[in-house]
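Below is one structure, written out as structure tokens; the observations come after it.
Just so we're on the same page: letters track the sequence lines, and every chain starts at 1. Treat the numbers as computed from the prediction; the structure is a model and nothing was measured. FYI, side chains are in, hydrogens and waters are out, and symmetry mates aren't considered; it's all heavy atoms of this structure.
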Amino acid sequence: MDIWFHPAKELNLLLKKAAANLPDFDNSFDPMIRPADPKFGDFQANGILPFAKSKKANPRSVAELLVKELHNLDEIDDTLIESSIAGPGFINFKLTPKFLHKWLLKYNNADSLKEAAGTFYNGKKIVIDYPSPNTAKQMHVGHLRPMVIGEAIQRLLRFCGANVICDNHIGDWGTNFGILIYGIKSENYNLDTPTENPLEDLERMYKAGSAKVKENPAIADLAREELVKLQNADPENMSLWQKITDISTAAFEKMYKIMGVTIDVTLGESFYRDKVERIYKELSDISLAQIDKGALVVFFKDDEKFKEQPFIIRKSDGASNYASTDLATILYRVEHFNAEEVIYVTDARQQDHFQQLFLTVGKWFGIKKYKMPDMRHVWFGTILGEDGKAIKTKSGEPIRLKALIDEAVLRAKKIVLEKNPDMPADEVQNIAQTVGVSALKYADLSQNRSGDYVFSWDKLLAFDGNTAPYLLYAVARIHSIFRKAQISLDKDFSAEASAPETEQEIALARKLLALPSVFELALSELRPHYLCTYLFELAGLYSSFYNANKVIVEDTAVMARRLMLCARTLRILEAGLRLLGIEPLEKM
RNA sequence: GGGGGCGUAGCUCAGUGGAUAGAGCAGCGGUUUUCUAAACCGUUGGUCGCAGGUUCGAGUCCUGCCUCCCCCGCCA
């Protein structure tokens with residue numbers, strides 16, 4: 001019998017195969033394999049109950065027939081998998097220590113795990129759109145989520161075999177540049193000799209300009225003129241715009257580096273400014289779009305939700321908007337990158353926009369016979385202020401991302417020093433940097449992305465419980481064991497180590513084998529918090545094992561057995577942390 | 001008015017129609033001559049917003065209601 005990477009998936013197939021051999025079963029039977037409570041087994045099949053009900057049969061006797069047939073199959077080795085029937089008619093499956101051992105020998109490092117996980121996506125071409133900030137604005141706490149969630153998802157997709165392109169669709173074009181350029185000119189601000197924080201200056205000038213535009217129509221006209229000049233490629237305004245973009249990009253890149261955000265291409269809205277005409281023409285030609293109240297809009301008369309909510313794809317003043325560029329963008333991604341799937345990582349408020357976008361693309365691509373990509377909007381809730389309202393740039397004091405990171409690192413440093421009074425200063429700084437930043441990221445990733453949450457320093461910078469430092473600590477302790485024993489983490493244990501024996505060894509090994517089911521779940525919903533929960537539980541089981549079962553012992557057989565478990569736990573914890581965008585430490 | 005989301009322990013949150021609803025924090029009580037105690041073990045704590053319904057089985061699905069947040073034509 002093969003040692004399957006993903007036992008739940010294989011069992012599901014084999015149960016169907018067994019059922020097909022039995023006259024009492026038919027196609028309506030779905031095994032419904034799920035990970036089980038460890039006290040019952042590794043997996044459970046829930047499907048017998050509804051099936052027996054529909055056939056008016058006794059679930060337990062139906063289950064007995066199926067289990068017997070399953071174990072008659074050549075693919076099943078009774079010394080590797082045990083089945084039992086429990087309760088009203090559940091089938092419980094338990095992987096034996098022998099199976100656990102063989103699996104751990106086979107999937108012994110990140111490469112072998114990645115190779116096996118690659119079958120989930122099999123090279124599917126996916127463009128993922130994140131974090132897509134707007135230029136000329138400083139990053140604040142609101143940018144945390146798209147960065148960390150987008151990064152975790154793209155890494156997970158890549159690990160599971162997708163051919164991913166991270167496309168940073170920055171907001172670098174639009175009406176606000178008229179106001180900003182007006183603001184810069186009215187202050188005679190020199191972009192060539194920028195101050196320490198030029199983005200702060202740009203933001204200030206935009207705010208000042210925006211306030212003036214609101215109260216003075218004459219200034220509004222001036223701002224509009226600047227915008228028209230920019231759109232007509234006036235050299236002076238284009239040069240200003242380019243400098244704004246360069247300043248913003250430089251500042252963003254610094255932040256991406258700190259936050260571990262990796263980007264393949266940056267094709268902002270400005271890139272699509274000459275590509276929207278084709279959109280207007282095509283959508284008009286196929287009568288999908290029409291002029292209404294001066295604007296070009298798409299109606300969805302046959303859609304229950306949007307029948308009275310059109311999608312504006314060109315403003316009545318002739319200018320493009322979010323919808324125009326998003327339509328041009330998705331076409332480009334399909335035509336140029338051959339995207340088979342496009343994933344957008346943005347906040348929840350944009351759900352209507354993306355539903356309308358997807359509806360429009362569905363009709364448009366259908367009529368034009370363009371290759372239809374899968375489209376997913378991965379949305380997340382808002383980070384709220386103490387008042388329960390969204391933290392906004394304009395009102396109140398937004399917490400800058402930089403300040404948040406600095407505070408996190410400072411707090412981490414205090415703890416590192418406390419725990420390691422004799423550590424050299426540069427090492428303290430390195431560890432504090434990783435601990436602080438990863439705590440920040442993990443706090444966001446470990447929550448189900450679809451909820452809002454209230455910002456609090458203590459919450460985002462928590463270092464206890466289900467946090468990055470807890471996981472990093474588990475990793476550091478494993479490294480310490482191997483340092484102490486002077487054994488390589490990549491040592492081949494196949495000759496020396498035997499199957500797990502103690503309660504803690506077995507519990508830990510079983511958890512390690514749950515990884516593929518976690519990938520499957522996290523991928524199906526693109527929710528990184530499932531991976532966080534798993535890693536936390538894994539680290540918890542490791543800590544229990546570590547406490548109860550000493551690794552470096554006289555008995556070489558016991559030591560080899562436990563060292564192998566440590567090495568495998570380390571590899572999975574490290575791989576998992578890296579998927580979350582967290583670089584593990586060897587010491588802390 | 002239409003739509004989306006949220007509501008689970010004192011707090012912050014997990015929970016794929018499945019078995020006695022779980023963690024962390026906080027609280028209480030333990031564990032260190034032993035591989036990193038940033039740890040481990042034990043323990044207290046529940047009207048899963050309310051009311052119906054579907055189901056062998058509902059925190060999970062459906063209907064209605066309540067609280068709060070968000071979106072609903074020229075912002076992104």
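Contacts between residues 309-328 of chain A and RNA chain B, defined by a heavy-atom separation below 4.0 Å, involve A/Q309, A/I312, A/K315, A/S316, A/N321, A/Y322, listed by number. Across residues 468-480 of chain A, A/Y470, A/Y473, A/A476, A/R477, A/S480 each have a non-hydrogen atom less than 4.0 Å from an atom of RNA chain B (numbered order). Against RNA chain B, the stretch residues 351-361 of chain A makes heavy-atom approaches under 4.0 Å through A/Q351, A/D352.
Every pair passing salt bridge (charged side-chain N to carboxylate O under 4.0 Å, His left out) that includes a residue from residues 528-557 of chain A is listed here, sequence neighbours excluded: A/K511-A/E537. Listed by first then second residue, pairs satisfying side-chain hydrogen bond (donor to acceptor under 3.5 Å, both in side chains) with a partner in residues 84-94 of chain A number zero, not counting sequence neighbours.
Within the nucleic acid shown, A/K484 comes within 4.0 Å of sugar-phosphate atoms alone, with no base atom in reach, counting heavy atoms only. No contact: A/P59 has no heavy atom under 4.0 Å from any strand. Nucleic acid contact class of A/D172 (heavy atoms, under 4.0 Å, all strands): none. Among the atoms of the strands shown, base atoms are found under 4.0 Å from some heavy atom of A/A295. Residue contacts for A/E537: at a heavy-atom cut-off of 4.0 Å it reaches no nucleic acid atom on any strand shown.
Here A/Y280 pairs with nothing under the ring-ring contact (aromatic ring centres under 6.0 Å, His included) rule; sequence neighbours left out. For A/S543, the side-chain hydrogen bond (donor to acceptor under 3.5 Å, both in side chains) partners are A/R477, not counting sequence neighbours. Applying the salt bridge (charged side-chain N to carboxylate O under 4.0 Å, His left out) rule to A/D172 yields no partners; only residues at least two apart in sequence or on another chain are considered. A/K39 meets the salt bridge (charged side-chain N to carboxylate O under 4.0 Å, His left out) test with A/D37; sequence neighbours excluded.
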request  = Indicate for each nucleotide in nucleotides 18-23 of chain B, in 5' to 3' sequence, whether protein heavy atoms under 4.0 Å reach the base (B), only the sugar-phosphate (S), or nothing (-).
outcome  = BB---S
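A salt bridge is defined here as a Lys NZ or Arg NE, NH1 or NH2 lying under 4.0 Å from an Asp or Glu carboxylate O, and A/R561 with A/E496 fails to meet this definition.
No hydrogens or angles were tested; on distance alone, nothing pairs the side chain of A/K305 with the base of B/G3 as donor and acceptor under 3.5 Å.
For B/G45 and B/C6, the C1' atoms lie 24 Å apart once the distance is rounded to whole Å. Taking atom C1' on both nucleotides, B/G27 is separated from B/G10 by 10 Å, rounded to a whole Å.
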Quick test: give all pairs of protein nitrogen or oxygen and nucleotides 11-13 of chain B nitrogen or oxygen below 3.5 Å, distance rounded to 0.1 Å.
from  : atom 1 : to     : atom 2 : distance (Å)
B/U12 : O3'    : A/K459 : NZ     : 2.8
B/U12 : O2'    : A/K459 : NZ     : 3.2
B/C13 : OP1    : A/K459 : NZ     : 2.7
B/C13 : O5'    : A/Q447 : OE1    : 3.3
B/C13 : O5'    : A/K459 : NZ     : 3.3

Anything under 3.5 Å between a protein N or O and an N or O of nucleotides 29-31 of chain B, put it in a table, one pair a line.
none

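Counting only heavy atoms from C-beta on, A/E269 has its side chain closest to B/A76 among B/C70, B/A37, B/A76. Distance from the side chain of A/K550 is smallest for B/U34 among the nucleotides B/U16, B/U34, B/A37.
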